[in-house]
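Worksheet: one structure, shown below.
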Amino acid sequence: MPEPGCLAALAAGLVVLAALVPAPWSLAPAALALWLGWTIFRQFKSCLMRSESQKCALDEQLFQSQKLAAIGEIASGIAHEINNPLAVITQEAEWMAHLLGQPEPPIDDARQSLATIQGQVSRCADITHNLLNLARTWKPIRQPADLNRCVEDMARLVEREARPNNITLAREFATDLPKVPLDPPLYRQAVLNLLVNAMQAVGPGGTVTVSTGITPDGKAFTRVADTGPGIAPENLGRVFDPFFTTKAPGKGTGLGLAITQRIVDRLGGFISAANLPGRGACFTITLPITEKTP
């Protein structure tokens, strides 16, 4: 098929020809020019639709790869945390086998061991549930969701890495939050990115505080603050730029905050970065509350 530029030039020539040829023959070139113009428009529209479709596909691939990278950063802590309940389950199972092998098994002790096993299995299920919620592919669907629940899911996930490094993860959740229209998997990824960055910034012995609430203008916010060194003033306006990172080579891609900003934009919200008085950095996500459900 001819290029749109060639078709446009041909259409312009036919319009000039129509002006020179007397009626009624002048109508044929004019009609052909209109048909060519319509063909050009359809081609242009088709190109735009293909470009938008390709952009959406690339966005999904980028989000998914970044989610897997974030999971990889905390995988060692998660593996350690799963090994702990597995060790307890093994120990309790061996103890139950010993109890049941006695002539008169102590039922109360066996029940206590069984309850311990059930608790540890539930603990493992909680870990894998949060991982699956984060790692699964998604189609953006905004729906009223419990913002505190989404944040808590990711807080539990990173807390398992924080404990071995002596990092305190504090929570300050508002209790009167209405449900907020958002895409839970997307929002979990955004919160996880901020929490992982904060833990890397504070290092062992630091504190990361995640809080939620309502802004004075009636929007829901999620804030992640840390006691790290903060953000250098010259970098404060660049932290959301793609591939910008202050980490050592091989320690980060510089995509975490850029993707977080794109996620928040997609949800109709806004994200900001600031330094706290004294020491530390703070990232705040604000989202509109368009529906208030109990």
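The model shown is predicted, which means the values in this text are computed figures rather than measured ones. The figures here come from the full heavy-atom set of this structure, side chains too, leaving out hydrogens, waters and symmetry mates.
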Measure the CD1-CZ distance between Ile271 and Arg262 for me, rounded to the nearest 0.5 Å. 14.0 Å

Single-linkage hydrophobic cluster Val202~Leu195, side-chain heavy atoms < 4.5 angstrom: yes

Looking at every non-hydrogen atom in both residues, tell me the closest pair between Met154 and Val191 and how far apart they are. CB-CG1, 4.1 Å

Note: Ala155 and Leu169 closest approach over all heavy atoms is O-CD2, 3.3 Å

Counting only heavy atoms not in Phe270, do more than 12 fall under 6.0 Å of its CZ? no

Spatial distance of atom CH2 (Trp95) from atom CG (Leu114) [nearest 0.5 Å]: 15.0 Å

For the student: nearest non-hydrogen atoms of Ile263 and Leu186, plus distance: CG2-O, 3.5 Å

Thr227 side-chain N/O to Thr207 backbone N/O, donor-acceptor pair under 3.5 Å: yes

Are the side chains of Tyr187 and Val180 in contact, using a 4.5 Å heavy-atom criterion? no

Hey, could you give me the OG1/CG distance between Thr222 and Leu147, rounded to the nearest 0.5 Å? 4.0 Å

Summary of side-chain hydrogen bond (donor to acceptor under 3.5 Å, both in side chains) pairs that have at least one residue in residues 109-119, sequence neighbours excluded: Glu92-Ser113

Atom of Gln143, atom of Pro184 and distance for their closest heavy-atom approach: NE2-CD, 3.7 Å

Main-chain N/O of Gly280 paired with Asp226 side-chain donor or acceptor, under 3.5 Å: no

Ala174 and Thr212: which non-hydrogen atoms are nearest, and at how many Å? N-OG1, 3.1 Å

Flag the pair Ser272 / Thr286 as yes when at least one side-chain heavy-atom distance between them is below 4.5 Å, and no otherwise. no

Testing Ile285, Val224, Asp146, Val210 for side chain to side chain contact (heavy atoms under 4.5 Å, CB included) with Val151, which one passes? Val210

Would a 4.5 Å heavy-atom cut-off, applied to side chains only, mark Ile289 and Ile214 as touching? yes

Rounded to the nearest 0.5 Å, what's the gap from CD1 on Ile167 to CD on Gln200? Could you check? 9.0 Å

Test item: Phe283 and Ile231 side chains (from C-beta on) under 4.5 Å apart, heavy atoms: yes

Mind listing the closest non-hydrogen atom pair of Pro288 and Lys219 along with its distance? CA-CG, 4.3 Å

Backbone N/O of Pro204 and side chain of Asn166: donor-acceptor pair under 3.5 Å: no

